[in-house]
Structures are given as C-alpha cells and as structure tokens.
S.K.: 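Sending over a structure as structure tokens; questions will come in a sec.
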Amino acid sequence: MKNLLIAGTIALAPLTGGATAAPEPALPAPTGRYAVGRSDVHLVDSRRPDPWVDGRPRELMVSLWYPAVRAKGPAAPYVTPQESALILKGFPQLKDLPPATLTKTRTYARADTPALAKKGGWPLVVVSPGMTMPRATLTSLAEKFASRGYVVAGIEHTYESVATTFPDGRTVTFEAGAGGQTPELGEKVARVRAADTTFVLDRLERTRRWNRLIDESRIAMVGHSVGGQSAAHLLAVSDRITAAVNLDGSYNPTTPAKPITKPFMMIGNPRQQPVAGGEPKSWDLFWPHVTGAWKRWLTVTGAEHVSFVDYAVLGPQLGMRVSPMNGERSLRITRDYVTAFLDIHLKGERRPLLDGPSAKYPEASFW
C-alpha cells in the first residue's frame, strides 16, 4: 500500500508464486448474542475546509454497526468495487487477482436492518483506522463489538485512506502526508482526526435515528496505528471520550497535550515492548504521561502491525503472509482483549482477562 507513512510497514510476503484464483475471503464471525446491522452515512461539515485538499468542505463516510432486531436481509458490503481495486493495486503480489475481489469478502452485518432499541441507549465505540487504511479494515472488530451490545461508528478520514467512495459514485484517494512522516504531520493528523471525531459525535447527537440508540455518557475510542495514537491524544483533552485503546500506533508527537487520567490501553507487536536499554521509543516516551489509575500496556508475541485488523485474516486468504502468528488467532486475541476493556469501562462489568497474564493467551505480555 503506497505511502504507508504512519501505519508502519506491512510485513507481507507471497505464500506461493502468486495468487491466480479468485478467492472469496471471509472475516471471523462475531460471537455475541445480538444480530448486527450496518448503515453507511455521508456527512458534510460545511463550516470546515478540508485540511488535505483545497476548495472543498470536509466530508466523511461513516459506518454505523449496531445490535439489530434480527439477522435478516443482504449482508453489508465490505468495500466498493472502486475501493477494492485501489486497495489491491497497492500490493504488487496480488496483481493477478480480479480487482473486485475484496467486494466478495464475507461480512455478518445486515445492511440497514432495523436496530434493536434499548432503554437508555447502547454504549458507543468510535473506531479509527490506520493511515491509508479504509474504515473497512476494522470490520471484524466492529461486528464483534456490535454483537456484544455496542453501537460502533467507523470513521473514514477522507484523503487519509487509499480509497473512499461517496454515494454519488466519486472515489477519492490518498492525499495526506505526501511530504513524509514528520512531527508536524503527526500533530496535524491528530488534530484532523480529533475534529472529525468531534463532528461525527455532534451529528450523531443531533440525528434522531442515532441519538435514540446511543448512551452519550458512555463513549470509548479504539484506533489502529495512527488511529490509535489519535485516540490517545483525543482522550487526554475530550470531555466526551471516557476510555480509549491504541492498537499498535506509534506516537508522533510523543507527548499528549495533557496527562491521560482516564482508562487507557495500548496493545502492540513485540517491537512496542519497553526498551530495556538504549534509545527509548515512542511508547516509552508516551507512557509516563498516562497517569490514570487504570492503564494497560500489552504486546503480542508473533504479531505484526496488521495483526490487529482484518488484513490479518484477509492477507493469507488472498495468498499473502502477514505475520508469524495465525491471523484468526491474532484477531481473536485483539477482539477479546478490547471487548474486555470496553465491558469494564463502558458497562462496569468484571473482566479478569485484563487483570494480568492469561493461560488462554500466553502470547499476550503485560508490561
């Protein structure tokens, strides 16, 4: 994937001499008690110029996953044909696959199916993808959360994704960060994503369909890569976000605007473990500013940068090796630990999984 500036290096290698068949990839099924629905909404912030291109207001695509009345109707599509073609184009090893291959990915949410109402509303989880990555890459997490009783808002940060398709058929591509990874870029991305998230929360609050479903006193944010570092920076200053998770996102800048006093967890690949000697890395520099009573720092042996999102399972199904760890296993670990975090801090439930090392998941190390 071109210009992978902040998301980090995707460790992809061909499993064979190259995939030639037309696979039909599938995500792991959600495991909660509720059926899952999904609706996509197009939002335009007419008061804010787009920060990455001139002459346009900021417009966003947002996917809303939610507990549904029943699992009825067509499955929500993973990506559009245009998005599939541009994602695959970033991987030369997959050049022989049909451009629309990713549109065939099996998902479990039903498109626009009626939502299940709950007195007081469901907790809300905002999810933010890595740089160049579409919001679709967080689908397996979002479907799991929704099946466990959460509304999930997946934000496509326009021009920070390799491809974003709007309802009128336009597909725009990556424009952010053409000058390379710098502290200034990191600060700008964090500001842009904070503004995007605030705008989305404002619109959900004012939209009757969604404000009836959401308990606005219980909101968490989960992000991967730059989405994770943005979640951490927003947590420090937001009055709305009550807890956050960073999935393998390096910090740039390495200091939040204010100390993080609210519940916070970061999970990463082994390169994110504390430095015992030598030059500290971004997690080492950021961690002293996490001062709240509840905080966790975990790494997962065998994981790589994309082990925490859908590419962990889609890569091997398409003929690519993404990490030493089995993709189904790495996503199971991610989904279980993050769901436990959400259950503790948004529902007040007891989840011993986050008390310390687990025999069920020996790959997960606590620091």
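Reckoned from all heavy atoms, side chains included, excluding hydrogens, waters and symmetry mates.
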S.K.: Take atom CG in Asp54; do more than 12 heavy atoms of anything else shown fall under 6.0 Å from it?
M.R.: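 Open.
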
S.K.: Measuring only between side-chain heavy atoms, which start at C-beta, is Asn246 closer than 4.5 Å to Tyr251?
M.R.: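 When only atoms from C-beta onward are counted, Tyr251 and Asn246 do touch, with a gap below 4.5 Å.
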
S.K.: Can we call the ring centroids of Phe286 and Trp297 under 6.0 Å apart?
M.R.: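 Between Phe286 and Trp297, the centre distance exceeds or equals 6.0 Å.
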
S.K.: To the nearest 0.5 Å, what is the distance between CZ (Arg135) and CG (Leu138)?
M.R.: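 Interatomic distance, Arg135 CZ to Leu138 CG, rounded to 0.5 Å: 10.5 Å.
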
S.K.: Identify whether the distance between the nearest side-chain nitrogen and carboxylate oxygen of Asp336 and Lys144 falls below 4.0 Å.
M.R.: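 Yes, charged N to carboxylate O under 4.0 Å.
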
S.K.: What about Trp65 and Tyr150, are their ring centers closer than 6.0 Å?
M.R.: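 So the answer is no for these two rings.
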
S.K.: Are the side chains of Asn252 and Leu185 in touch, meaning some heavy atoms are under 4.5 Å apart?
M.R.: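 No. Closest side-chain heavy atoms not under 4.5 Å.
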
S.K.: Judged by atom type as modelled, is there a donor-acceptor pair below 3.5 Å linking the side chain of Asp310 to the main-chain atoms of Thr139?
M.R.: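 Side chain of Asp310 to backbone of Thr139: a pair is present.
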
S.K.: Using a distance-only test with no angle check, is there a side-chain donor-acceptor pair under 3.5 angstrom linking Ser128 and Arg193?
M.R.: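 Side-chain D/A pair, Ser128 to Arg193: present.
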
S.K.: Do Tyr337 and Leu354 come close enough that some side-chain heavy atom pair is under 4.5 Å?
M.R.: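 Heavy-atom side-chain distance check passes, below 4.5 Å.
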
S.K.: Validate the cation-pi geometry between Arg296 and Trp294: distance from NZ or CZ to the six-membered ring centre under 6.0 Å, angle to the ring axis within 45°.
M.R.: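 Yes, Arg296 and Trp294 form such a contact.
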
S.K.: Is Lys258 atom NZ crowded by more than 12 heavy atoms from other residues, nucleotides or ligands, each under 6.0 Å away?
M.R.: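 It does not: Lys258 NZ has 12 such atoms or fewer within range.
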
S.K.: Would you say Thr158's side chain and Glu59's backbone share a donor-acceptor pair under 3.5 angstrom?
M.R.: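 At least one qualifying donor-acceptor pair exists.
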
S.K.: Treating Asp284 as the side-chain partner and Pro274 as the backbone partner, does any N or O pair qualify as donor plus acceptor under 3.5 Å?
M.R.: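 Not at all, since once roles are kept as given, no pair shorter than 3.5 Å links the two residues.
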
S.K.: Other residues, nucleotides and ligands only: do more than 12 of their heavy atoms fall within 6.0 Å of CZ on Arg33?
M.R.: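 No, because the 6.0 Å sphere around CZ of Arg33 holds 12 heavy atoms or fewer from other groups.
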
S.K.: Side chain of Lys262, backbone of Leu235: donor and acceptor closer than 3.5 Å?
M.R.: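 The answer is yes, because a donor-acceptor pair under 3.5 Å joins these two groups.
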
S.K.: Do the side-chain N and O atoms of Thr164 and Glu156 include a donor-acceptor pair separated by under 3.5 angstrom?
M.R.: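 The criterion, which ignores hydrogens and geometry beyond distance, is satisfied for Glu156 and Thr164.
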
S.K.: Taking Arg38 first and then Asp40, would you say they form a salt bridge - that is, a charged N and a carboxylate O separated by under 4.0 Å?
M.R.: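 Yes, Arg38 and Asp40 are salt-bridged.
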
S.K.: What I want to check is whether the side chains of Trp52 and Glu160 have a donor and an acceptor closer together than 3.5 Å.
M.R.: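 Yes.
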
S.K.: For Arg148 and Thr31, does a side-chain donor sit closer than 3.5 Å to a side-chain acceptor?
M.R.: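 No pair is found: no donor N or O on one side chain lies under 3.5 Å from an acceptor on the other.
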
S.K.: Are Leu141 and Leu298 linked, directly or through intermediate hydrophobic residues, by side-chain heavy-atom contacts shorter than 4.5 Å (ILVMFWY only)?
M.R.: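 They do share one cluster, since a chain of ILVMFWY contacts under 4.5 Å joins Leu298 to Leu141.
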
S.K.: With a 4.0 Å cut-off, would you call Asp248 and Arg271 a salt bridge?
M.R.: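 Answer for the salt bridge query: no.
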
S.K.: Using a distance-only test with no angle check, is there a side-chain donor-acceptor pair under 3.5 angstrom linking Thr165 and Thr171?
M.R.: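 Distance-only check passes for Thr165 and Thr171.
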
S.K.: Side chain of Ser147, backbone of Gly32: donor and acceptor closer than 3.5 Å?
M.R.: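 Flag set: sc Ser147 to bb Gly32 pair under 3.5 Å.
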
S.K.: If you round to the nearest 0.5 Å, how far is CG of Leu247 from CG of Asn269?
M.R.: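 If I round to the nearest 0.5 Å, the distance is 11.5 Å.
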
S.K.: Using 0.5 Å steps for rounding, measure from the CG atom of Leu102 to the OH atom of Tyr78.
M.R.: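 Rounded to the nearest 0.5 Å, the CG-OH separation comes to 7.0 Å.
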
S.K.: Should the heavy atoms of other residues, nucleotides or ligands under 6.0 Å from NZ of Lys89 be counted, would the total exceed 12?
M.R.: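 Open.
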
S.K.: Do the side chain of Thr207 and the main chain of Arg203 share a donor and acceptor less than 3.5 angstrom apart?
M.R.: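 Side chain of Thr207 to backbone of Arg203: a pair is present.
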
S.K.: Does Phe166 share a hydrophobic cluster with Phe174, counting links as ILVMFWY side-chain heavy atoms below 4.5 Å and allowing steps through other members?
M.R.: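 In one cluster with Phe166: Phe174, yes.
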
S.K.: Whether the Trp283 and Ser250 side chains hold a donor-acceptor pair (N or O, under 3.5 Å, no angle test) is what I'd like checked.
M.R.: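 Per modelled atom types, Trp283 and Ser250 side chains form no pair under 3.5 Å.
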
S.K.: Kindly indicate whether the side chain of Val300, heavy atoms from C-beta on, has any atom under 4.5 Å from the side chain of Ile267.
M.R.: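 Sidechains of Ile267 and Val300: in contact.
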
S.K.: Using a strict 4.0 Å threshold on nitrogen-to-oxygen distance, state whether Arg58 and Asp50 make a salt bridge.
M.R.: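 A salt bridge is present here (some side-chain N lies under 4.0 Å from a carboxylate O).
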
S.K.: Is it true that a side-chain atom of Arg110 and a backbone atom of Pro74 form a donor plus acceptor pair closer than 3.5 Å?
M.R.: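 No, Arg110 side chain to Pro74 backbone: no donor-acceptor pair under 3.5 Å.
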
S.K.: How long is the gap from OH on Tyr66 to OH on Tyr34, to the nearest 0.5 Å?
M.R.: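 That separation rounds to 15.5 Å.
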
S.K.: Would you indicate whether the side-chain heavy atoms of Pro28 and Glu328 approach each other to under 4.5 Å?
M.R.: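 In contact.
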
S.K.: Is Lys119 salt-bridged to Asp215, cutoff N-O under 4.0 Å?
M.R.: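 Salt bridge absent between Lys119 and Asp215.
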
S.K.: Indicate yes or no: at least one non-hydrogen side-chain atom of Leu27 is less than 4.5 angstrom from one of Val313.
M.R.: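 Yes. Closest side-chain heavy atoms under 4.5 Å.
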
S.K.: Below 4.0 angstrom, N of the basic side chain to O of the carboxylate: do Glu349 and Arg351 qualify?
M.R.: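 A salt bridge is present here (some side-chain N lies under 4.0 Å from a carboxylate O).
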
S.K.: Tell me if the centroids of the rings in Trp122 and Phe145 come within less than 6.0 Å of each other.
M.R.: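 So the answer is no for these two rings.
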
S.K.: More than 12 foreign heavy atoms under 6.0 Å from CZ of Arg106: is that the case here?
M.R.: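 Open: at most 12 neighbouring heavy atoms sit under 6.0 Å from CZ of Arg106.
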
S.K.: Would a distance-only check, ignoring hydrogens and angles, find a side-chain to backbone donor-acceptor pair under 3.5 Å from Ser323 to Met325?
M.R.: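 It does hold such a pair.
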
S.K.: Can you tell me how far the OG1 atom of Thr254 sits from the NE2 atom of His233, to the nearest 0.5 Å?
M.R.: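 Here the interatomic distance stands at 8.0 Å.
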
S.K.: With a 4.5 Å limit on heavy-atom distance, are the side chains of Ile155 and Val127 in contact?
M.R.: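 Result no, sub-4.5 Å side-chain heavy-atom pair not found.
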
S.K.: In Å, rounded to the nearest 0.5 Å, how long is the span from OG of Ser161 to CD of Glu83?
M.R.: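 Here the interatomic distance stands at 7.0 Å.
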
S.K.: I'd like to know if the side chain of Ser307 and the backbone of Glu304 have a donor-acceptor N/O pair within less than 3.5 Å.
M.R.: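 Checked: pair present.
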
S.K.: Within the side chain of Glu143, is there an N or O that forms a donor-acceptor pair under 3.5 Å with the backbone of Tyr108?
M.R.: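 Looks like yes, one N/O pair under 3.5 Å.
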
S.K.: Before accepting this row, confirm whether a basic side-chain N of the pair Asp355/Arg350 lies closer than 4.0 Å to the acidic partner's carboxylate O.
M.R.: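 Salt bridge: yes.
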
